[in-house]
Asks: 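Quick one: structure below, then a few questions.
Quick note on labels: first sequence line is chain A, next is B, and so on, each numbered from 1.
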There are 2 protein chains.
Amino acid sequence: MRDVAHLAGVSHQTVSRVVNDHPNVRSETRERVLAAMRKLDYQPNAAARTLATNRSQTIGLVTFDTTLFGPSFMVHAIERAAREAGFFVSIASARELDVASVREAIRRLREQSVEGIVTLAPVAAAWTALGQVPLDVPIVAVGIDGDSHPEVPMVAVDNAAGAALATRHLIELGHPTVYHVAGPADWPEAREREAGWRAALEDAGRPVPAPLPGDWSAQSGHAAGLRLAADPSVTAVFCGNDQMAIGMLRALHEAGRTVPRDVSVVGFDDVPEAPYLQPPLTTVRQDFAELGRDSLNLLVTQISTGVRRTGQHRSAPSLVVRHSTKALAQ
Amino acid sequence: MRDVAHLAGVSHQTVSRVVNDHPNVRSETRERVLAAMRKLDYQPNAAARTLATNRSQTIGLVTFDTTLFGPSFMVHAIERAAREAGFFVSIASARELDVASVREAIRRLREQSVEGIVTLAPVAAAWTALGQVPLDVPIVAVGIDGDSHPEVPMVAVDNAAGAALATRHLIELGHPTVYHVAGPADWPEAREREAGWRAALEDAGRPVPAPLPGDWSAQSGHAAGLRLAADPSVTAVFCGNDQMAIGMLRALHEAGRTVPRDVSVVGFDDVPEAPYLQPPLTTVRQDFAELGRDSLNLLVTQISTGVRRTGQHRSAPSLVVRHSTKALAQ
DNA sequence: CTGTTAGCGCGTTCAA
DNA sequence: TTGAACGCGCTAACAG
């Protein structure tokens, strides 16, 4: 910057004014400075600005497993939205699913003076950690059950509603009951989906079979599928996500049970491959891109207005009916 | 930090020495300082340190489409490795696939004084942009054809070798030739795979059918599959990635052609769902986690030694034979 | 409209 | 072993 000032024959302060679009600069001077900046390929120094203004123009992202479809998609959507809002994004992943790891990730972000934090770690441990974070930096939680920490605003799809959508769809198709392959118990999203499934079943006066444990992976869906296939009374299964549904489809096929003729299967997420599975998967769609954008905008609003927001911001998922579900043959 | 110094009854540089594990501090003083730090929940200020040392402890990640399996997996692996090496990571995604977008992403990272850059944007435009980057910050390119920019070290699987592996596997199974669904032409990885497939075919003296265009998506694989299914002479297909193979499997099924009885299909990547597709997919495995770690370690080595590395670092992919390929019935 | 001064929090260099 | 002075590149406050 000093060099630029020298070359343009002005003080470094004037250069600073030009960089920050300050109004009180004669346009002629401004041009001279801009020319010097181009000539020297001037790069502003974000660290110096951060130090002087106490504003880093950076938001932090706490992630856990970005190899899953949802989180990885949202990282993308959030980075995009952040760039448009003029923010850098720094990521910090939690090593484990425990409170200490999430706190550590948040600590690292705070060390970088981030102006706000979005947490994509939808695990029970995360909100315990969030409750312990000093409230001087705005936080938005994505996909976390915010009931226990109403002071942290949360963005998520209405998992229970989505699960109920799937379950009612199967009930309306004439299935006496619906089995469920659940996600990991320490993920609030998994619990919400299970709760939605359970409630829909109870509302319809149907028996509630024990949910089968899963871990979001196709492998766990496959294992659950092999168990369910052994029981001829099983005609409908709601899987906690699409990956597990893929494993389920495979297991049923291996066991000689045809989908959807013998068994109907519904997933959750609507991954891009869902229409091309065999059969094309009926599933609950959630719009991850919108979720990512919304969470960032909520954060940016808090940063720029200084007003803390709270409460849950739920978006409505929708059911996409394809060919893995069918009316029960009497 | 001033507060800590005050509380501990020392000067702020003594605190600085403690923070940086400087040897010349009496252990008693050190303890007093540490106690004060804990008491005040002291957070070092990364911006100030960056300004004073000109070292940001941050590496930058240039991404393009993190919704694809490979890139999203590597973001995760790289963040992990970076954390262990004591680096923060800041991400900047390229808006488009053009040179300007990649340059802009790199500019944003440089503004943050990153000490090194890993680029996960495996598109032709990326290396054009890389060639224009001032060489004062080390760069490692992942999955980019480094031939045209030997000064930028590159880490990738040997795509051509992987494609040849797949193609030879099909030839050895008795297929007269192998069709190919290619990835986007502006991705070097797609071109390398196509080249490997072509070379294997030529080496075996087989005819080389025109490759079908794809864009990595299941949808494009499905479209290609519908075209191939119309030709009864097609008995073997090598898809540029697993997503396209999923679409291919579906299209062949719709057209009444059974895999692997009528047509054999091979993918590339070995996504976690591959073993659970119908049929379980024979594919070329690449170890994204290792790729991510390697790229980061290569970068950290350059940063800490100050020695620039060059050249290509290729890792060998392997063929995973499952049930989507079968000897051609005579 | 523009320049001068001071300081953001930290590390480095020199003295003590 | 510790402290004082200085500067990293920038912005904020004031002066001109």
Side-chain angles (χ1 to χ4, degrees), chain A residues 1-37 40-58 86 88 107-115 134 136-137, chain B residues 1-37 40-58 86 88 107-115 134 136-137:
Chain A
M1 179 176 247
R2 222 189 39 210
D3 300 337
V4 173
H6 212 76
L7 180 61
V10 296
S11 75
H12 66 113
Q13 183 55 265
T14 302
V15 176
S16 169
R17 290 195 180 100
V18 171
V19 169
N20 296 310
D21 276 331
H22 223 77
N24 289 353
V25 180
R26 204 168 25 157
S27 64
E28 183 201 345
T29 323
R30 178 186 306 278
E31 286 311 321
R32 229 173 41 235
V33 171
L34 289 174
M37 280 171 47
L40 269 48
D41 193 22
Y42 169 68
Q43 285 273 353
N45 182 318
R49 172 179 294 190
T50 298
L51 192 56
T53 60
N54 203 23
R55 296 205 41 203
S56 62
Q57 303 180 106
T58 301
F88 300 120
R107 191 196 60 70
R108 298 180 67 225
L109 292 175
R110 287 172 54 84
E111 184 171 337
Q112 296 175 77
S113 309
V114 296
E115 295 187 43
D136 53 356
V137 39
Chain B
M1 180 177 243
R2 222 189 39 212
D3 300 337
V4 174
H6 211 77
L7 180 61
V10 297
S11 73
H12 68 106
Q13 5 325 44
T14 301
V15 176
S16 169
R17 290 190 181 102
V18 171
V19 169
N20 296 310
D21 276 332
H22 222 77
N24 287 354
V25 179
R26 205 166 27 159
S27 63
E28 183 201 344
T29 328
R30 178 186 306 278
E31 286 310 321
R32 230 177 35 239
V33 171
L34 289 174
M37 280 171 45
L40 268 49
D41 193 22
Y42 169 68
Q43 285 272 354
N45 182 318
R49 172 177 295 188
T50 298
L51 193 57
T53 60
N54 203 21
R55 296 207 40 206
S56 62
Q57 303 180 105
T58 301
F88 299 120
R107 192 197 59 71
R108 297 179 68 226
L109 292 175
R110 287 170 54 85
E111 185 171 337
Q112 297 175 77
S113 308
V114 297
E115 296 188 41
D136 54 354
V137 38

Asks: Atom CD of A/Gln112 and atom P of C/dC10: how far apart are they, to the nearest Å?
Replies: 15 Å
Asks: Would you state whether a donor and an acceptor, one from the side chain of B/Arg17 and one from the base of D/dG3, lie under 3.5 Å apart?
Replies: yes
Asks: Give a yes/no answer on whether the side chain of A/Tyr42 brings an N or O atom under 4.0 Å of OP1 or OP2 in D/dG9.
Replies: no
Asks: Determine: side-chain N/O of A/Asn20 to OP1/OP2 of D/dT11, distance under 4.0 Å, yes or no.
Replies: yes
Asks: Measure from NE2 on B/His22 to C1' on C/dG11 and round the result to the nearest Å.
Replies: 10 Å
Asks: Think A/Arg26 has a side-chain N or O under 4.0 angstrom from the OP1 or OP2 of C/dC1?
Replies: no
Asks: Starting from C1' on C/dG7, measure out to CG on A/Asn54 and report it in whole angstrom.
Replies: 13 Å
Asks: Whole-Å distance between D/dT1 C1' and B/Arg32 CZ?
Replies: 12 Å
Asks: For A/Gln43 and D/dC10, give me the distance from atom CD to atom P, rounded to whole Å.
Replies: 11 Å
Asks: Assign each of B/Thr29 and B/Ala52 to its nearest nucleotide of DNA chain D by heavy atoms, then name whichever residue's nucleotide is nearer the 5' end.
Replies: B/Thr29
Asks: Is a donor on one side and an acceptor on the other found under 3.5 Å between the side chain of A/Ser56 and the backbone of A/Ser113?
Replies: yes
Asks: A/His6 has an atom NE2; how far is it from atom C1' of C/dG3, in whole Å?
Replies: 15 Å
Asks: Heavy-atom nearest nucleotide on DNA chain C for B/His12 versus A/Gly9: which residue maps closer to 5'?
Replies: A/Gly9
Asks: Go nucleotide by nucleotide along DNA chain D from the 5' end; which of B/Leu51 and B/Pro23 gets its closest nucleotide reached first?
Replies: B/Pro23
Asks: With the side chain counted from C-beta on, respond yes when B/Arg30 and B/Val10 share a heavy-atom pair under 4.5 Å apart, and no when they do not.
Replies: no
Asks: Rounding to a whole Å, what distance do you find between A/Asn24:CG and D/dA15:C1'?
Replies: 14 Å
Asks: Identify the two heavy atoms, one from A/Ser11 and one from A/Ala5, that lie closest to each other, and give their separation to 0.1 Å.
Replies: C-CB, 3.7 Å
Asks: Does A/Thr53 or A/Thr14 map to a spot on DNA chain C nearer the 5' end, using the closest nucleotide for each?
Replies: A/Thr14
Asks: D/dG9, OP1 or OP2 - any side-chain N/O from A/Asn45 closer than 4.0 Å?
Replies: no
Asks: About how many Å separate CZ of A/Arg32 and CD of A/Glu28, when rounded to the nearest 0.5 Å?
Replies: 6.0 Å
Asks: Using atom types as modelled and distance alone, determine if a side-chain donor or acceptor of A/Glu111 lies under 3.5 Å from a backbone N or O of B/Ala46.
Replies: no
Asks: Is the phosphate of D/dA4, meaning OP1 or OP2, less than 4.0 Å from a side-chain N or O of B/Ser11?
Replies: no
Asks: When all nucleic acid strands are considered with a 4.0 Å heavy-atom cut-off, which category describes B/Thr50: base, sugar-phosphate, or nothing?
Replies: nothing
Asks: How is A/Val19 classified with respect to the nucleic acid when contacts are heavy atoms under 4.0 Å: base, sugar-phosphate, or nothing?
Replies: nothing
Asks: Tell me the interatomic distance from B/Gln13, atom CD, to D/dC6, atom C1', rounded to whole angstroms.
Replies: 11 Å
